[in-house]
Amino acid sequence: MSASASPTPSDELSAPIDARAGSQSARPAPAAEAAHVSFSYGDRKALDDVSFTIARGEIFGLLGPNGGGKTTLFKLISTLAPLQSGDVRILGCDLRRDTLALRRKLGVVFQHPSVDGKLTVAENLAHHGRLYGISGARLKARIAAMLDQLGLSARAGDLAETLSGGLKRRVELAKSLLHEPELLVLDEPSTGVDPAARREFLNYLAHLCDAGGVTIVLTTHYMEEAERCDRIGVLHQGRLVAIAPPGELKARVGGDVVVIVAREATALSARINAQMGVATTIVDGTIRVERPRGHEFVRDVVEAFGGEIETVTFGKPTLEDVFVKLTGAAFHAGPPMAE
């Protein structure tokens with residue numbers, strides 16, 4: 001496990017992958033490892049010197065706002081975009097040389113639905129299975145197993161276009177697992193589903209790791225989704241600024257997080273700093289303070305500057321607070337956009 005607030009959080013990846021193979025021979029090979037990966041669209045750099053490892057059997061989340069590089073990294077891992085620079089090895093396959101072999105080991109769930117609405121649920125699965133060379137009795141058995149595991153057996157004969165967003169997501173997952181992949185890659189898997197369906201979907205992903213030994217990599221801008229991951233890689237403007245379990249990341253924030261809204265935020269921030277000796281930051285026009293026993297600070301700051309404060313809130317650190325601390329910028333999910 002690696003953790004750092006620097007742009008290249010895994011020191012063990014400073015050497016080329018092949019050079020490190022001998023030193024890691026005593027450990028199980030990781031499901032994926034990347035070293036110094038960069039990717040550009042013309043003059044715009046979408047990924048900048050990204051390095052990480054993903055252990056087998058873990059849920060690894062890539063958290064960041066839209067435009068941060070998540071989708072580009074998803075495209076690389078899922079072999080949809082060619083590697084421009086750096087080294088990547090996934091399930092023992094070199095991303096440059098072994099693309100075809102790797103695709104047989106991957107299950108992929110895209111951000112936008114790929115089910116055919118004019119086919120039934122079972123027909124969608126059958127068509128997908130044939131693309132992977134599965135047919136006959138094995139195909140029937142795999143379809144039945146996936147329908148059962150994802151609670152879709154009763155809807156097997158329904159047209160996909162009649163399903164709810166949550167059920168369509170289940171069909172997508174059933175398709176991706178039909179050929180029994182070792183690594184499941186998901187791009188914003190909860191997009192378009194309600195919170196209850198999202199929780200149900202995340203529960204099943206956890207079950208896949210625990211019972212099936214599947215490794216899962218997902219991109220997300222949902223904090224709830226990121227909280228359920230074993231580890232998170234935080235992406236900002238194409239750079240990986242930290243990798244750690246969610247709890248460890250939140251522990252980096254110094255105590256409670258106090259957010260103050262004021263008409264003259266910059267001036268009030270300076271006065272709080274000068275009169276109370278408290279470090280403050282301005283993020284999106286609000287004053288943010290990290291303090292142990294935040295409720296006591298709220299009392300003191302309201303007593304001292306109540307006439308200048310419009311609202312003040314405090315709470316335990318969230319992953320959004322972690323992002324602010326790491327980057328100095330607010331976390332804006334915004335509408336989906338190309339990366």
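Only this structure's heavy atoms are used, side chains among them; waters, hydrogens and symmetry mates stay out.
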Student check: side-chain heavy atoms of [X] and [Y] closer than 4.5 Å:
X: Val312; Y: Val259; result: no
X: Gln149; Y: His207; result: no
X: Ile272; Y: Ile260; result: yes
X: Phe297; Y: Asp256; result: no
X: Leu183; Y: Arg56; result: no
X: Ser85; Y: His36; result: no
X: Leu76; Y: Val88; result: no
X: Leu152; Y: Met146; result: no

If Ile, Leu, Val, Met, Phe, Trp and Tyr residues are connected whenever their side-chain heavy atoms lie under 4.5 Å apart, and connections chain through other members, are [X] and [Y] in the same group?
X: Val37; Y: Leu91; result: yes
X: Val115; Y: Leu119; result: no
X: Leu218; Y: Val50; result: no
X: Val234; Y: Ile59; result: no
X: Ile216; Y: Leu177; result: yes

Should we count [atom1] of [X] as having more than 12 external heavy atoms under 6.0 Å?
X: Arg96; atom1: CZ; answer: yes
X: Glu310; atom1: CD; answer: yes
X: Arg130; atom1: CZ; answer: no

Whether [X] side chain and [Y] backbone form a donor-acceptor pair below 3.5 Å:
X: Thr53; Y: Glu33; value: no
X: His236; Y: Pro65; value: no
X: Asn273; Y: Val278; value: yes
X: Lys70; Y: Leu63; value: no
X: Arg288; Y: Val283; value: no
X: Asn124; Y: Asp116; value: yes
X: Thr318; Y: Asp321; value: yes
X: His128; Y: Lys175; value: yes
X: Arg169; Y: Pro189; value: yes
X: Thr286; Y: Val261; value: no

Heavy-atom pair with the smallest gap, counting every atom of [X] and [Y]:
X: Met276; Y: Phe305; answer: SD-CE1, 3.8 Å
X: Phe323; Y: Ala330; answer: CE2-O, 3.7 Å
X: Ile77; Y: Leu102; answer: O-CD2, 4.4 Å
X: Gly117; Y: Leu159; answer: O-CB, 3.8 Å
X: Ala265; Y: Gly285; answer: CB-O, 3.4 Å
X: Leu95; Y: Thr99; answer: O-OG1, 3.2 Å

Rounded to the nearest 0.5 Å, what separates atom [atom1] in [X] from atom [atom2] in [Y]?
X: Leu319; Y: His221; atom1: CG; atom2: NE2; value: 14.0 Å
X: Arg155; Y: Leu150; atom1: CZ; atom2: CG; value: 13.5 Å
X: Thr220; Y: Leu186; atom1: OG1; atom2: CG; value: 10.5 Å
X: Asp187; Y: Leu73; atom1: CG; atom2: CG; value: 10.0 Å
X: Leu178; Y: His127; atom1: CG; atom2: NE2; value: 12.0 Å
X: Ile90; Y: Lys105; atom1: CD1; atom2: NZ; value: 10.5 Å

Next item on the list: Carefully, step by step, assess Glu308 and Glu264 under the rule side chain to side chain contact (heavy atoms under 4.5 Å, CB included).
Entry: CA-CA 8 Å; Glu308 302 172 57; Glu264 301 292 339; over 6 Å; no
Next item on the list: Please test Ser114 against Glu172 for side chain to side chain donor-acceptor pair (under 3.5 Å), starting from the C-alpha separation and ending with a verdict.
Entry: CA-CA 7 Å; Ser114 62; Glu172 298 269 10; 2.8 Å; yes
Notebook entry, point to check: Is the shortest distance from a Lys or Arg side-chain nitrogen in Glu290 or Arg252 to a carboxylate oxygen in the other one below 4.0 Å?
Noted result: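 The answer is no: the pair does not qualify as a salt bridge.
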Check: Are the charged groups of Arg170 and Glu200 less than 4.0 angstrom apart, N to O?
Finding: yes
Checklist line | Verdict with reasoning, Lys325 to Thr281, per side chain to side chain contact (heavy atoms under 4.5 Å, CB included) | finding: CA-CA 10 Å; Lys325 183 174 181 66; Thr281 57; over 6 Å; no
Next item on the list: Using the side chain to side chain contact (heavy atoms under 4.5 Å, CB included) rule, take Leu125 and Val171 through it: C-alpha gap first, then chi angles, then the decisive distance, then the call.
Entry: CA-CA 8 Å; Leu125 268 61; Val171 177; 4.0 Å; yes
Check: Can you check side chain to side chain contact (heavy atoms under 4.5 Å, CB included) on Arg142 and Glu180, steps first, answer last?
Finding: CA-CA 9 Å; Arg142 289 300 300 157; Glu180 300 178 273; 3.3 Å; yes
Note to self: The test is salt bridge (Lys or Arg N to Asp or Glu O under 4.0 Å); show your working for Glu161 and Lys118 and say whether it passes.
What the structure shows: CA-CA 7 Å; Glu161 66 184 5; Lys118 299 303 181 183; 3.0 Å; yes
Notebook entry, point to check: Should the ring pair Phe110 and Phe74 be called parallel, tilted or perpendicular, given that the plane angle runs from 0 to 90° and is split at 30 and 60?
Noted result: perpendicular
